[in-house]
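For this chain, numbers begin at 1 and follow the sequence in order.
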Amino acid sequence: MGAILQIRVSAETFSEKEVRNKWPELWKLIWDEGGDAVPRKGVLELAQAVFNAVRAGLVDSRQADALRENAEKVEKMRLQMQEVLANRQPAEADKLSYEIEDCLDDLEDIAAKF
């Protein structure tokens, strides 16, 4: 990295529509009402939003109880993703991307039961 030119490794969601189509129940639960306050609705944003909704009691307590374990798990992975990106470890970030998506799949299955 130069004195002026910075090198960044990042993870971005290309299409919000794909997120909505892949995890429709989570999308509805988290962003259907009042989601306009969130400017970007990608994979990492969904992971954080699910965790925040469960932690802050923004979803029904029954739903929160069912989602809690995986919501905490996906939040830890999201934070780990930030760390590996900051340390310029793209291979680790790639691995985590699959784990995060798998965990969101599990959360989707749980959300679909309500």
| task | Please identify each residue that fulfils salt bridge (charged side-chain N to carboxylate O under 4.0 Å, His left out) with Glu92, with sequence neighbours left out. | result | none
Name each donor-acceptor pair under 3.5 Å that joins a side chain in residues 44-56 to protein atoms two or more places apart or in another chain, with its distance.
| unit_1 | atom_1 | unit_2 | atom_2 | d |
| --- | --- | --- | --- | --- |
| Glu45 | OE1 | Gly42 | N | 2.9 |
| Asn52 | OD1 | Arg55 | NH2 | 3.1 |
| Asn52 | ND2 | Gln48 | O | 3.4 |

| field | Lys/Arg N to Asp/Glu carboxylate O, Lys73 vs Asp106, below 4.0 Å | value | no
| Tell me the side-chain hydrogen bond (donor to acceptor under 3.5 Å, both in side chains) pairs involving residues 10-21, sequence neighbours left out? | Glu12-Arg40
| task | Using the test salt bridge (charged side-chain N to carboxylate O under 4.0 Å, His left out), find all partners of Glu108 that sit at least two apart in sequence or belong to another chain. | result | none
| request: Decide yes or no for Leu96 and Gln80: does some side-chain heavy atom of the first lie under 4.5 Å from some side-chain heavy atom of the second? | output: yes
| query | Would you say Trp23 and Asp105 make side-chain contact, with heavy atoms under 4.5 Å? | reply | yes
| said: Strictly by side-chain hydrogen bond (donor to acceptor under 3.5 Å, both in side chains), give each pair with a member in residues 94-103 just once, sequence neighbours left out. | reply: none
| message | Using the salt bridge (charged side-chain N to carboxylate O under 4.0 Å, His left out) criterion, which residues pair with Asp109? Sequence neighbours excluded. | response | none
| message | Taking salt bridge (charged side-chain N to carboxylate O under 4.0 Å, His left out) as the cut-off, I'd like each qualifying pair that reaches into residues 63-72, sequence neighbours left out, listed once. | response | Asp65-Arg68
| side chain to side chain donor-acceptor pair (under 3.5 Å) partners for Arg62, two or more places apart | none
| query | Considering residues at least two apart in sequence or located in another chain, which fulfil the side chain to side chain donor-acceptor pair (under 3.5 Å) criterion with Gln63? | reply | none
| task | With the side chain counted from C-beta on, respond yes when Val19 and Trp27 share a heavy-atom pair under 4.5 Å apart, and no when they do not. | result | yes
| task | Can you sort out the partners of Lys76 under salt bridge (charged side-chain N to carboxylate O under 4.0 Å, His left out), two or more places apart, ordered by chain and number? | result | none
